[in-house]
Amino acid sequence: MSDTAYSGKRITCDYLIVGSGLAGMTAALEAAKHGRVIMITKGKAEESNTRYAQGGIACVIDEGDSFEAHVQDTLTAGAGLCHPDVVRAIVSAAPERVRDLQACGLHFTLQKDVEENSSSAQGNQYHLGQEGGHSNRRILHAGDITGREVSDVLLARCRENPSIIILENHLAVDLISTRHIEWQGENCCLGAYVIDTATHEIKTFLSKFTMLATGGAGKVYLCTCNPDIASGDGIAMAYRTSAEICNMEFYQFHPTILFHPKAKSFLISEAVRGEGAILKVKKGDRYETFMENYHPLASLAPRDIVARAIDNELKRSGQPCAYLDIRHHSEEFLRKRFPNIFKECLKFGINMAEDLIPVVPAAHYCCGGVRTDVNGVTTIKRLYAIGEVGCTGLHGANRLASNSLLEAMVVAYNAVCHSVGHPASIPEISANIIPDWSKGDAVDSDEQIVISHNWEEIRRLMWDYVGIVRTDKRLERAKNRIRMIRKEIEKYYWNFIITPDLIELRNLASVAEMIIDSAIARKESRGLHFNADYPPAPIDSKGKDTVLRRPLKSEIWFE
């Protein structure tokens with residue numbers, strides 16, 4: 001259903017879903033069985049982190065594999081910070097949620113679609129990929145554009161569902177909670193203020209349940225494979241509403257982003273290494289392997305180790321990039337197994353069957369976020385966080401490859417089931433006492449340079465000081481500078497009429513400070529957080545999650 005299906009500045013619904021990735025669409029389709037759903041997205045509904053996921057969905061379906069093996073691989077990658085009960089719950093739910101996707105029309109790649117001698121492939125047996133940190137082949141995939149296929153299939157189902165309204169070009173400004181009104185009970189989410197990015201009109205959305213499915217915050221870093229929409233909006237909004245946020249120091253850098261002056265943030269899937277690609281670095285006229293010096297699994301080591309190894313090799317050698325070598329496979333196989341990656345590389349004059357692929361690490365995935373349980377339940381009543389925006393405890397200190405799409409599906413489904421099973425959690429609050437947005441004394445801005453300058457400065461300082469390898473001095477510099485930048489942004493925010501760019505900048509700065517504060521608080525090197533001033537934590541030791549429990553005073557704008 002299109003945005004013509006409603007009118008007015010105050011809109012009510014049973015479920016307000018913020019975001020249109022896999023988590024948001026899964027929740028929308030399930031919630032539509034129980035009430036009226038409005039799904040808002042700040043750009044086109046097709047644009048989300050999901051769409052750029054190449055690898056696939058980790059799921060145990062092979063007889064030679066087991067749930068316990070998948071669990072142990074996840075726990076090992078997570079470096080002692082995964083919640084084992086959450087890991088087991090999500091891993092064991094994978095087959096059922098995969099069947100839901102297939103029922104919607106998704107087709108996974110079969111052996112016969114990939115094998116060079118397709119006549120030897122067995123019937124409808126799935127082709128399972130292998131990625132770093134996995135002890136077995138267990139990655140279901142749709143070619144090398146799994147995310148795009150998932151997005152297209154689910155979005156088609158959402159568009160044809162009469163109980164779902166999709167509002168494109170609508171950006172959530174802030175959550176509405178009982179802290180806006182005279183309320184003595186628990187902090188409870190009532191909906192959100194939302195800006196129409198075309199007209200800049202701010203509307204009041206009131207809902208029984210609000211689900212944040214806004215994805216990650218890759219744009220907080222200068223180099224990222226995330227799309228431009230990934231500015232940490234959901235995490236920042238939840239933080240301002242006093243939700244607990246945890247583990248923000250664990251930001252995953254994907255080791256292999258295509259390095260080319262004309263290629264913008266194109267990811268070379270970990271599945272390429274799963275098919276035998278070897279990482280190399282140039283030394284003189286030769287290309288030498290190096291990953292065997294860092295981990296027994298060499299090029300198939302977990303992402304945090306591979307990213308740090310590449311970073312270290314490039315700093316030691318002064319080279320601009322590392323290389324992937326998969327030339328041992330035929331062009332026929334590579335075109336079948338990686339049709340999109342092969343085509344994109346060819347655009348830049350790289351034939352995967354003949355040439356080395358130049359790669360560098362880039363910010364990829366936020367392992368922290370809004371603290372939730374396996375049902376997406378946050379510390380605020382009626383507010384759920386699903387997908388990358390949430391932190392269930394599945395990923396711990398480092399996400400195992402292809403566990404993210406799995407988590408998005410399982411937690412989104414669980415969240416709707418939880419909401420249906422807990423109707424008593426809805427307090428009786430009259431909509432009449434909830435205020436509409438007021439611009440106060442704000443005026444139009446004539447200083448847009450503040451937005452563009454601070455946007456670039458935040459991303460540069462995060463890349464230089466809070467990147468793959470950190471130190472106490474770098475973090476101290478980052479903290480001092482982000483404090484000044486946020487002060488400038490907050491002053492600008494209150495003096496001028498807000499715009500979508502200003503909202504994103506404010507959120508980006510807030511998330512940057514959360515990452516910095518969390519990194520400062522962890523006095524060890526663990527998983528994705530590597531501080532050169534502290535030794536690595538033993539892999540089996542128990543670390544303590546860092547939690548930011550209260551918002552900064554300057555951000556409590558409604559007091």
Side-chain angles (χ1 to χ4, degrees), residues 52-56 109-121 127-132 137 139 141-149 223 225 254-294 297-301 303 306-307 309-311 313-314 316-362 364 401:
Y52 297 90
Q54 296 176 339
T109 298
L110 305 177
Q111 285 279 10
K112 63 184 180 182
D113 300 325
V114 174
E115 296 298 330
E116 294 175 89
N117 182 9
S118 58
S119 61
S120 64
H127 181 270
L128 300 176
Q130 182 161 10
E131 298 181 357
R137 284 184 170 268
I139 314 301
H141 62 95
D144 58 350
I145 53 170
T146 306
R148 188 190 308 176
E149 294 291 333
C223 299
C225 57
H254 197 288
T256 54
I257 307 301
L258 182 62
F259 179 75
H260 191 280
K262 294 183 180 180
K264 181 184 177 182
S265 307
F266 185 73
L267 186 149
I268 304 297
S269 172
E270 191 160 321
V272 175
R273 281 180 283 133
E275 297 297 344
I278 303 297
L279 279 161
K280 296 182 177 180
V281 68
K282 189 174 183 180
K283 293 185 178 180
D285 295 330
R286 297 176 295 111
Y287 294 90
E288 297 182 1
T289 63
F290 59 90
M291 278 305 304
E292 61 272 13
N293 300 323
Y294 293 89
L297 292 176
S299 293
L300 272 177
R303 288 178 180 176
V306 178
I310 294 174
D311 181 73
E313 289 293 325
L314 297 187
R316 286 173 53 186
S317 66
Q319 293 294 315
C321 64
Y323 297 87
L324 276 173
D325 187 352
I326 195 168
R327 294 175 297 178
H328 59 285
H329 279 302
S330 69
E331 182 170 329
E332 178 189 2
F333 172 82
L334 294 174
R335 283 183 179 274
K336 286 183 176 181
R337 178 65 179 90
F338 305 110
N340 187 59
I341 295 175
F342 197 98
K343 181 177 67 174
E344 286 295 316
C345 285
L346 279 182
K347 286 183 182 179
F348 304 107
I350 303 166
N351 184 324
M352 294 171 63
E354 300 174 1
D355 305 314
L356 297 175
I357 308 168
V359 294
V360 292
H364 180 53

Check: Gln54 side chain, Ser269 main-chain N or O, donor-acceptor pair, under 3.5 Å: yes
Side chain proximity check, Asn351 to Leu346, heavy atoms < 4.5 angstrom: yes
Beyond-backbone contact of Lys262 with Lys347, side-chain heavy atoms, under 4.5 angstrom: no
Test side chain to side chain contact (heavy atoms under 4.5 Å, CB included) applied to Phe338 and His329, step by step: CA-CA 12 Å; Phe338 305 110; His329 279 302; over 6 Å; no
Heavy-atom side-chain proximity of Leu356 to Lys282 below 4.5 angstrom: no
Student check: side-chain heavy atoms of Asp113 and His127 closer than 4.5 Å: no
Non-hydrogen side-chain atoms of Leu279 and Leu324 separated by less than 4.5 Å: yes
Side chain proximity check, Arg273 to Val306, heavy atoms < 4.5 angstrom: yes
Step-by-step salt bridge (Lys or Arg N to Asp or Glu O under 4.0 Å) determination, Glu275 to Arg137: CA-CA 10 Å; Glu275 297 297 344; Arg137 284 184 170 268; 3.2 Å; yes
CG on Asn340 to CZ on Phe266, rounded to 0.5 Å: 5.0 Å
Shortest non-hydrogen contact between Ser330 and Ala353, atoms and distance: C-CB, 4.4 Å
Interatomic distance, Arg335 atom CZ to Met352 atom CE [nearest 0.5 angstrom]: 10.5 Å
Gap separating the CD1 atom of Ile268 from the CD1 atom of Ile326, nearest 0.5 angstrom: 10.0 Å
Short side-chain to backbone donor-acceptor contact, Glu270 and Gly132, under 3.5 Å: yes
Main-chain N/O of Ala307 paired to Asp311 side chain as donor or acceptor, under 3.5 Å: no
Partner of Ser299 by side chain to side chain contact (heavy atoms under 4.5 Å, CB included), out of Lys280, Met291, Glu292: Met291
Side-chain heavy atoms of Glu344 within contact of His260, under 4.5 Å: no
Salt bridge (charged side-chain N to carboxylate O under 4.0 Å, His left out) partners of Glu288, counting only residues at least two apart: Lys283, Arg286
Atom of Arg337, atom of Gly129 and distance for their closest heavy-atom approach: NH2-CA, 4.0 Å
Gap between atom CD of Glu313 and atom OH of Tyr294 - 0.5 Å precision: 3.5 Å
Straight-line distance of Ile278 CD1 to Asp325 CG, nearest 0.5 Å: 7.5 Å
Residue pair Glu149 / Ala142: nearest heavy atoms and the distance that separates them: CG-CB, 3.8 Å
Those residues that, when tested against Tyr323, pass ring pair (Phe, Tyr, Trp, His ring centres under 6.0 Å) (two or more places apart): Tyr287
Geometric class of the His364/His254 ring pair [parallel <30°, tilted 30-60°, perpendicular >60°]: perpendicular
Backbone of Ile341 reached by a side-chain donor or acceptor of Asp144 within 3.5 Å: yes
Side chain to side chain, Ile357 and Thr256, heavy atoms closer than 4.5 Å: no
Gap separating the CD1 atom of Ile257 from the CG atom of Leu267, nearest 0.5 angstrom: 4.0 Å
